[in-house]
Amino acid sequence: MKFKFRTAACATALLCAASAYAADLVVRIGHVGPISGPSAHLGQDNENGARMAIDDLNAKGVMIGGRKAHFELMAEDDAADPKQGTAAAQKLVDEKVNGVIGHLNSGTTIPASKIYSDAGIPQISPSSTNPKYTRQGFKTAFRVVADDAHLGGTLGRYAVKDLKGKAIAVIDDRTAYGQGVADEYAKAVRANGGSIVGREYTNDKATDFTAILTKLKASKPDIIFFGGMDTVAGPMLRQMKQLGINAKFMGGDGICTTSLPQLAAGTMADNQVICAEAGGIDPKDAAAMKAMEEFKQRYKRKFGTDVQIYAPYVYDAVNVMVAAMVKAGSAEPAKYLPVLAETSDYPGITGSISFDGKGDLKHGALTMHTFRGGQEVTIGVVR
């Protein structure tokens with residue numbers, strides 16, 4: 001009898017627990033990034049940021065429409081490939097996710113955005129900077145970083161005005177991100193009185209740049225700009241060293257990672273690389289700096305590795321989306337989407353977040369970085 005009583009009690013407890021869980025509002029948040037391929041370290045960084053946000057939200061016991069919400073992360077790999085990206089997007093739509101954070105690359109974000117738009121599912125990219133993404137007229141598209149017009153334009157102006165570049169060469173990897181940021185950079189260089197002495201192209205999987213670097217060496221550039229990611233920039237820096245090219249090396253947020261020194265295999269001179277992260281916190285804001293540092297420490301304890309670059313933006317994107325659900329009293333996309341669009345002054349880890357009419361970040365900050373002794377060093381924040 002005693003055994004039967006315990007068994008019955010356990011069964012009752014399990015039923016109670018199951019009933020309590022069933023009463024929760026299950027909210028599925030999709031995340032897409034390259035978990036395989038050359039950019040896998042960045043995709044994993046993004047996914048980690050999403051998992052951290054989901055875990056924190058579940059620990060807080062968030063209420064939506066009077067019900068306790070239980071958040072689930074639906075993670076997909078797009079391998080930075082547009083075709084795989086659209087397949088991942090369709091899979092999330094079929095699984096009826098409540099919202100999507102992603103994709104990492106502009107080249108996958110842009111084609112996927114139509115699929116989310118057609119399904120009416122809000123999408124926040126934490127890292128895609130190509131202006132086209134939010135200029136297609138999709139009400140479901142948002143981003144929490146500045147776009148290429150701001151990123152490339154600021155870097156181009158900085159090259160001429162601050163670095164005093166006279167002969168500037170530009171290389172891009174022909175992706176939506178790489179070409180977009182390089183075009184804006186070149187435009188800003190010319191607008192500020194600088195000269196583009198060469199424009200070359202590669203691809204996002206290339207490892208040999210001898211031919212294009214040898215061609216550019218003849219024009220004696222004092223700055224070389226690369227539009228692309230760190231996995232290509234690292235080998236390019238190594239080959240610049242081998243060819244005796246001592247030019248400054250500039251790039252956007254794609255090369256602005258903690259992995260770049262390792263990928264360059266120790267060939268980077270101090271202050272040689274100048275890059276900009278599409279976001280950032282003013283070093284004079286002590287409270288914000290402390291919050292970011294605490295986030296990075298928590299991240300390292302949780303995942304055993306340092307933040308690469310975008311994880312804090314993913315973390316903010318998840319929380320901005322959920323804040324709109326809470327305010328709307330619903331996780332249904334059609335109901336919280338209008339509230340998300342009106343997001344204003346959300347206090348994120350990466351700074352204040354407000355969206356304009358296109359879904360772009362208002363007053364987006366850029367953080368300028370260099371590298372010294374193999375360590376990333378902040379130069380300053382510009383808006």
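All values reported here derive from a predicted model rather than from experimental measurement.
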Return a table of donor-acceptor pairs under 3.5 angstrom between the side chains of residues 339-350 and protein atoms on other chains or two or more places apart.
unit_1, atom_1, unit_2, atom_2, d
Thr343, OG1, Leu340, O, 2.7
Asp345, OD1, Ser352, OG, 3.4
Thr350, OG1, Asp316, OD2, 2.6

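For Ser117 (side chain) and Lys114 (main-chain N/O), no donor-acceptor pair under 3.5 Å exists by modelled atom type. With Gln239 contributing its side chain and Thr207 its backbone, the two residues share a donor-acceptor pair below 3.5 Å. In terms of modelled atom types and a separation under 3.5 Å, the side chain of Gln179 and the main chain of Ala176 share no donor-acceptor contact. Between the side chain of Glu76 and the backbone N or O of Ala89, no donor-acceptor pair lies under 3.5 Å. Lys161 contributes no side-chain N or O that, together with a main-chain N or O of Gly156, makes up a donor-acceptor pair within less than 3.5 Å. Not one N or O on the side chain of Ser39 forms a donor-acceptor pair closer than 3.5 Å with the backbone of Leu42. Remark: the backbone N or O of Leu243 is paired with a side-chain donor or acceptor of Lys217 at under 3.5 angstrom. Checked by atom type and distance alone, the side chain of Tyr336 pairs as donor or acceptor with a backbone atom of Asn98 at under 3.5 Å.
Among residues two or more places apart in sequence or in another chain, the side-chain hydrogen bond (donor to acceptor under 3.5 Å, both in side chains) test is passed with Thr140 by none.
Between Met368 and Ile274, the shortest heavy-atom distance links the atoms CE-CG2, 4.0 Å. Closest of all the heavy-atom pairs between Asp222 and Lys166 is OD2-N, 2.9 Å. Of all non-hydrogen atoms in Pro131 and Ala149, the two that sit nearest each other are CG-N, 4.1 Å. Counting all heavy atoms, side chain and backbone alike, Gly329 lies closest to Ile64 at C-CG2, 3.8 Å. Smallest separation of non-hydrogen atoms from Ala311 and Asp45: N-OD2, 3.1 Å. Minimum heavy-atom separation, Val197 to Ala167: CG1-CB, 3.7 Å.
Between Leu237 and Lys241 the shortest side-chain heavy-atom distance does not fall below 4.5 Å. Looking at heavy atoms from C-beta onward, Pro34 lies in side-chain contact with Leu104 at the 4.5 angstrom threshold. Counting heavy atoms from C-beta on, the side chains of Tyr177 and Asn105 never come closer than 4.5 Å. Inter-residue side-chain proximity for Ile168 and Val160 is flagged as met; some heavy-atom pair is nearer than 4.5 Å. Contact check for Arg199 versus Asp172: side-chain heavy atoms found under the 4.5 Å cut-off. Met325 has its side chain within reach of Ile29: a pair of non-hydrogen atoms, C-beta onward, lies under 4.5 Å apart. Contact of the Glu200 side chain with the Thr202 side chain is not registered, since no non-hydrogen atoms from C-beta on lie closer than 4.5 Å. Residues Tyr158 and Ile379 form a side-chain contact, since some pair of their non-hydrogen atoms from C-beta on lies under 4.5 Å apart.
Both Leu73 and Val62 are assigned to one and the same hydrophobic cluster, defined by single-linkage of ILVMFWY side chains at heavy-atom distances under 4.5 Å. Under the 4.5 Å side-chain heavy-atom criterion for ILVMFWY residues, no single connected hydrophobic cluster contains both Tyr133 and Leu366. Both Val232 and Met240 belong to a common hydrophobic cluster when Ile, Leu, Val, Met, Phe, Trp and Tyr are linked at side-chain heavy-atom distances under 4.5 angstrom. Residues Leu263 and Phe249 do not share a hydrophobic cluster, clusters being chains of Ile/Leu/Val/Met/Phe/Trp/Tyr side chains in contact below 4.5 Å. Using a 4.5 Å cut-off between side-chain heavy atoms of Ile, Leu, Val, Met, Phe, Trp and Tyr, with links allowed through other members, Leu57 and Tyr313 fall into the same hydrophobic cluster.
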From CA spacing to verdict: side chain to side chain contact (heavy atoms under 4.5 Å, CB included), Ile223, Lys248: CA-CA 5 Å; Ile223 297 173; Lys248 291 277 191 185; 4.0 Å; yes

Decide yes or no on side-chain hydrogen bond (donor to acceptor under 3.5 Å, both in side chains) for Asp306 and Thr258, but give the supporting numbers first. CA-CA 8 Å; Asp306 291 323; Thr258 54; 5.8 Å; no

Kindly determine whether Met52 and Phe303 satisfy side chain to side chain contact (heavy atoms under 4.5 Å, CB included), including the steps that lead there. CA-CA 9 Å; Met52 195 162 166; Phe303 301 109; 4.2 Å; yes

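One distance of note links CD1 of Ile124 with OH of Tyr116; it measures 12.5 Å at 0.5 Å rounding. For the atom pair NZ of Lys132 and OG1 of Thr134, the computed distance is 12.0 Å after rounding to the nearest 0.5 Å. Within the model, atoms OH of Tyr201 and CD1 of Ile171 stand 11.0 Å from one another, a figure rounded to the nearest 0.5 Å. Remark: Gln308 CD to Leu260 CG distance equals 10.5 Å, nearest 0.5 Å.
Between Lys164 and Asp162 no salt bridge is recorded (no basic side-chain N to carboxylate O distance below 4.0 Å). Under a 4.0 Å N-O distance rule, the pair Arg28/Glu95 does not qualify as a salt bridge. A salt bridge is absent between Asp183 and Lys187; no separation between the charged side-chain nitrogens and carboxylate oxygens falls under 4.0 Å. For Asp356 and Lys358, the salt-bridge test passes: some basic side-chain N is under 4.0 Å from an acidic carboxylate O. With respect to the salt-bridge test (charged N to carboxylate O, under 4.0 angstrom), the residues Glu293 and Lys290 do not qualify. Between Lys68 and Asp24 there is no salt bridge, since no side-chain nitrogen of the basic residue lies less than 4.0 Å from a carboxylate oxygen of the acidic one. A salt bridge is absent between Glu294 and Arg298: the closest approach of a Lys/Arg side-chain nitrogen to an acidic carboxylate oxygen does not fall below 4.0 angstrom.
At most 12 heavy atoms of other shown residues, nucleotides or ligands fall within 6.0 angstrom of atom CD in Gln262. Open room surrounds NZ on Lys335; 12 or fewer heavy atoms of other groups in view lie less than 6.0 Å from it.
Evaluation of the salt bridge (Lys or Arg N to Asp or Glu O under 4.0 Å) test over residues 135-153, restricted to residues two or more places apart or in two chains, returns Arg135-Asp147, Arg143-Asp360.
In this model, a donor atom of one side chain and an acceptor atom of the other lie less than 3.5 Å apart for Asp78 and Thr108. Counted by atom type alone, Ser259 and Asp230 present zero donor-acceptor pairs between their side chains at under 3.5 Å.
Using bins of under 30°, 30° to 60° and over 60° for the plane-to-plane angle, the ring pair Tyr315/Phe295 lands in the perpendicular bin.
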